[in-house]
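Worksheet: the structure to be examined is printed underneath.
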Amino acid sequence: MTAHKLTARDRLIVALDVDSAAAAGELVKLTASAVGVFKIGLQLFVKEGPDLVRWLVDQGVGVFLDLKLHDIPNTILAAARQIAGLGVRYFTVHCSNGQQALAACQAGLAEFCAEQGLTPPTMLGVTVLTSLSDVDLHGIGMLGDPRSQVELLAGQAYRAGLRGLVASAQEAAALRALFPDVFIVTPGIRPSGSGRDDQARIMTPAAAIHAGADALVIGRPVTRAGDPARAAAGILSEIEGALAASK
Ligand code: C5P
């Protein structure tokens, strides 16, 4: 799906970072009128597995399986094939797998989906986690600033054929300028007035859209809100406002 065809609702991705299928189902029921895509990450996948992914796909919403694959090329491609079989719309791999591994996964996945008659999910390359600050990055030996690290990793992914990236909204404008045709997904979004939790590089929904993000991943500001339906509807109208203003 190309970004310009997406509705505002498709651009709101809610991270179902909860412990059970029951809690996830409740959140989906409460928020699906405002949310086009739900993200299942490690916490929920480890507990509930592929059955929950299939259930969510059957609800007719977009599913983003965020397992952030990072492994040897053969293992990544094998996992990506299994993910494609689940019918999800997006899944993540770390760009730091390297250009060759990413290219092999992208090509192998396309071939597998063509053989099986499956719609290939969009493989999103994770650049630098939004929880990492400059100090954290220096601590793990990344001596450049986060933005150059993001651009370096994004370049590797782009040359490998990926056309989707995950990056903080603070890097979205630079990535948009460098790679105009890439679908940019940004976590680390905090509507004004909500706390930052453990996220270091944050932005409001409207500012992220103005910076060039195509879709926003939002977890705790919705999932831990007293009224998740109202929180999601508020974020959706902020996205709609930002899209209308940038036309
Ligand atoms: O609760 P919060 O809005 O911080 O949730 C953000 C979600 O996005 C989490 O599920 C987290 O794993 C994910 N994510 C992230 N930074 C990335 C990639 C994914 O925060 N670079």
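Heavy-atom basis, side chains included; hydrogens, waters and symmetry copies ignored. Whatever order the structure lists ligands and atoms in, that order sets their numbers, starting from 1. Residue numbers start at 1 and run along the sequence shown.
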| How many angstroms lie between CG in Leu124 and NE2 in His94, if you round to the nearest 0.5 Å? | 12.5 Å
| query | Which heavy atom of the protein is the closest neighbour of atom 6 (C) of ligand 1, given with residue, atom name and distance? | reply | Gln199 NE2, 3.6 Å
| request: Tell me, with the steps shown, if Asp181 and Arg163 meet salt bridge (Lys or Arg N to Asp or Glu O under 4.0 Å). | output: CA-CA 7 Å; Asp181 57 336; Arg163 291 296 176 266; 3.4 Å; yes
| task | Quick one: look at Val166 and ligand 1, take heavy-atom pairs under 4.0 Å, and tell me if it's side chain, backbone, both or neither. | result | side chain
| field | Enumerated ligand 1 atoms positioned under 4.0 Å from heavy atoms of Asp17 | value | 9 (C), 10 (O)
| field | Pair Asp66-Val217, side-chain contact (heavy atoms from CB on, under 4.5 Å): steps then yes or no | value | CA-CA 11 Å; Asp66 185 21; Val217 172; over 6 Å; no
| remark: among protein heavy atoms, the one nearest atom 12 (O) of ligand 1 is Lys68 NZ, 3.5 Å
| task | Would you indicate which of Arg190, Arg196, Arg224 comes nearest to atom 4 (O) of ligand 1 when only heavy atoms are counted? | result | Arg190
| task | For ligand 1, find out whether one of its N or O atoms is nearer than 3.5 Å to an N or O atom of Pro187. | result | no
| task | Ignoring hydrogens, just give me the one of Val217, Asp66, Ile189 whose non-hydrogen atom is nearest atom 7 (C) of ligand 1. | result | Val217
| message | Using salt bridge (Lys or Arg N to Asp or Glu O under 4.0 Å), reason through Asp197 and Arg190 one step at a time and then give a plain yes or no. | response | CA-CA 9 Å; Asp197 303 309; Arg190 289 295 178 268; 3.0 Å; yes
| In the hydrophobic clustering (ILVMFWY, side-chain contacts below 4.5 Å, transitive), which residues join Leu30, or is it alone? | none
| Interfacing atoms of ligand 1 (cut-off 4.0 Å, heavy-atom, Arg220) | 1 (O), 2 (P), 3 (O), 4 (O)
| remark: of all protein heavy atoms, closest to atom 11 (C) of ligand 1 is Lys39 NZ, 4.0 Å
| field | Distance from atom 16 (N) of ligand 1 to nearest protein heavy atom, with residue and atom | value | Thr130 OG1, 2.8 Å
